[in-house]
Amino acid sequence: MAALKDLLPDAKNSTSTYYDHANDPWFKQRFSTSEEEKSTVVKAKPVPPYLKRAGFVPRKVEDFGDGGAFPEIHIAQYPLDMGRVKGAKPGSKILPVTVDARGNLAYDAIVKQSENAKKIVYSQHKDLIPKILRNEEEGGDEGEEEEEMQKEIEETMQETKAALEKIVNVRLSAAQPKNVPKQSSDSKYIKYKPSQQSAAFNSGAKERIIRMVEMPVDPLEPPKFKHKRVPKASGSPPVPVMHSPPRPVTVKDQQDWKIPPCISNWKNPKGYTIPLDKRLAADGRGLQEVQINDNFAKLSEALYVAEQKAREAVAMRSKVQKEMMMKEKERKEQELRALAAKARSERTGTVAPSTAVPMSSDRSAMDTDMRVDYEPVRERERDMPKESKEEREERLQREKIREERRRERERERRLEAKDAAMGKKSKITRDRDRDISEKVALGMASTGAGRGGEVMYDQRLFNQEKGMDSGFATDDQYNIYDKGLFTAQPTLSTLYRPKKDVDSDMYGGADEQLEKIMKTERFKPDKAFAGTSEKSGPRDRPVEFEKE
């Protein structure tokens, strides 16, 4: 500490170290001159400076000098009485010294206060030691303790026994018949005179004496009569319900009091025909508003962006690959051209010209193909003899047709490549990948006659887990044929149906037939018989015959 003081510069102000609160302008109202306020205002005591507070214990409000607690003084501090329990009784909380049964000081009295007063608090080390070991250590008072323990055990046992017996007796008394009536053994003798006095009755006796004995009752016999519980009569008459005078019910009241029937989605015991809109209204689904989470839109947008990026990456990759292939192709063509030039020069005996100037890389593939195609043609032209003008025109015509066809093929290839990039199928691949059933439906299926007897089968006929191995149908079923015989459309259209123009091929068209009938000499009504001399015109009355 001295070293730190030596290092620091000297203090400019050498006044007292404690802060005088009375001179502070903020405290002017508190330290006012009025007598009433003087009595209420807390007078601040001078607080000892820091590092000189050894033995200073702040207990009253004045000790804090209108400030906070001192952290270096480790006692409970209440500046401005903050945190102090207001309802606590005045006076000290010091407990009186208490001793246990053996005269030792009971230090654990402090933890047996307030809510712990009714609890068993284990606060000593001996509470952790087992009872057997504790008895061995204590030794001297073993006999007395044993006696006390035995007495306590005996009392507890008696209490437990009484409680258990009480429970058992209640259960047994419920099972046993309660009041078994004692059978009365005394009997009554009754003397009477029978009404029928004759020798035939009562052996001729005038009087009779009978002994009446009470019939014994079986205690275990079930009850013969059913006991009905009669409801308890009401003690006092019911409270009268006061009604207002009756009023005529209006149509509006009737409509307001009309309760609609319950429409359930599960039960309809009466079998009503309930409209769908009523069923949906019963759900209450129209009452709740459907809220779509924003994350759906975010997800779809993210997926769309990712797909676009992936498409761009794939397109870029394919473009680079194509360019590399084109470069490779051009390089090979250069080599072939050089070889062809070399071979040509060897054949003609002339000196090989310098290697051809390499083609620019941005020249299209179409020009390259044309050059490759026409290279041998030029060689042939050079080798062939001179041709005539007609032959030259024909050759140019043929080359023009070839060029047009090549352009057409190139255009189709470009369109197909474009369709393939967009996900469409070209005509060729579309028709090639069609199922046989689709081809049959579209009338494109070939019968196989034109391909040297090759037969095309429907792939769905193979690898079917049906047939005799899978077992036949049940006994009561009759479905040998699972499909119709002629299912293909072209077969149905051509079977048992005349061809379109068979008659016209054989007999000619309708006009031809009509003309033929009109021109024929047969079946004419005014035609005369053979051998007759007279020529008769068209007849206007029935045929007449002459009798010889």
Side-chain angles (χ1 to χ4, degrees), residues 1-131 133-134 137-138 140-141 145 148 152:
M1 198 69 197
L4 183 62
K5 279 182 179 178
D6 295 338
L7 288 170
L8 292 170
D10 295 333
K12 291 178 181 177
N13 195 359
S14 59
T15 54
S16 59
T17 53
Y18 70 89
Y19 183 73
D20 190 4
H21 301 278
N23 298 331
D24 198 312
W26 191 78
F27 290 95
K28 270 185 181 177
Q29 289 179 2
R30 297 190 176 209
F31 297 98
S32 59
T33 52
S34 63
E35 290 297 325
E36 292 173 13
E37 289 181 356
K38 267 187 182 178
S39 60
T40 55
V41 168
V42 177
K43 194 171 184 182
K45 280 173 70 177
V47 180
Y50 189 60
L51 297 176
K52 292 182 182 179
R53 293 172 187 160
F56 173 66
V57 181
R59 292 203 182 278
K60 297 178 182 178
V61 179
E62 301 92 51
D63 294 342
F64 296 98
D66 213 5
F70 303 101
E72 70 272 14
I73 301 169
H74 299 158
I75 61 160
Q77 302 173 50
Y78 302 101
L80 296 175
D81 277 341
M82 288 188 295
R84 198 190 295 277
V85 182
K86 296 284 191 297
K89 290 177 184 176
S92 68
K93 285 194 173 182
I94 299 168
L95 293 171
V97 176
T98 52
V99 290
D100 58 4
R102 298 185 182 177
N104 299 326
L105 275 172
Y107 292 107
D108 56 352
I110 197 164
V111 293
K112 292 185 179 177
Q113 300 298 314
S114 62
E115 69 263 12
N116 288 344
K118 296 176 183 177
K119 297 178 184 174
I120 299 168
V121 181
Y122 296 105
S123 59
Q124 297 176 1
H125 177 256
K126 69 174 184 180
D127 295 330
L128 298 171
I129 302 165
K131 199 166 269 188
L133 299 176
R134 207 187 308 158
E137 285 175 9
E138 288 169 2
D141 303 327
E145 276 199 15
E148 284 176 16
E152 197 179 333

Do Gln77 and Phe64 come within less than 4.5 Å of each other through their side chains, counting heavy atoms only?
-> yes

Taken in chain and number order and not counting sequence neighbours, the residues that satisfy side chain to side chain contact (heavy atoms under 4.5 Å, CB included) with Glu148 are none

Residue pairs involving residues 103-125 (criterion salt bridge (Lys or Arg N to Asp or Glu O under 4.0 Å); sequence neighbours excluded) = Asp108-Lys112

So with a 6.0 Å cut-off around CG of Leu105, is the heavy-atom count from everything else above 12?
-> yes

CG on Leu133 to NZ on Lys126, rounded to 0.5 Å | 14.5 Å

Quick note, salt bridge (Lys or Arg N to Asp or Glu O under 4.0 Å) partners involving residues 72-85, not counting sequence neighbours, are Arg53-Glu72, Asp81-Arg84

Would you check if Val99 and Asn104 make a side-chain contact, meaning some heavy-atom pair closer than 4.5 Å?
-> no

Is any side-chain heavy atom of Pro58 less than 4.5 Å from a side-chain heavy atom of Val47?
-> no

Where do Ile75 and Val57 land on the side chain to side chain contact (heavy atoms under 4.5 Å, CB included) test, with the steps shown first?
-> CA-CA 8 Å; Ile75 61 160; Val57 181; 3.3 Å; yes

Applying ring-ring contact (aromatic ring centres under 6.0 Å, His included), name anything that partners Phe56, two or more places apart in sequence or on another chain.
-> Phe70

Kindly give the heavy-atom pair with the smallest separation between Pro79 and Ala69, and that separation in Å.
-> CG-N, 3.9 Å

Sorted by chain and residue number, the side-chain hydrogen bond (donor to acceptor under 3.5 Å, both in side chains) partners of Thr98 (sequence neighbours excluded) come out as none

Distance from Tyr78 atom OH to Asp63 atom CG, nearest 0.5 Å?
-> 14.5 Å

Might you confirm whether atom CD1 of Ile110 has over 12 heavy atoms from other residues, nucleotides or ligands at distances under 6.0 Å?
-> no

Return the set of residues passing salt bridge (charged side-chain N to carboxylate O under 4.0 Å, His left out) with Asp127 (not counting sequence neighbours), or none when no residue passes.
-> none

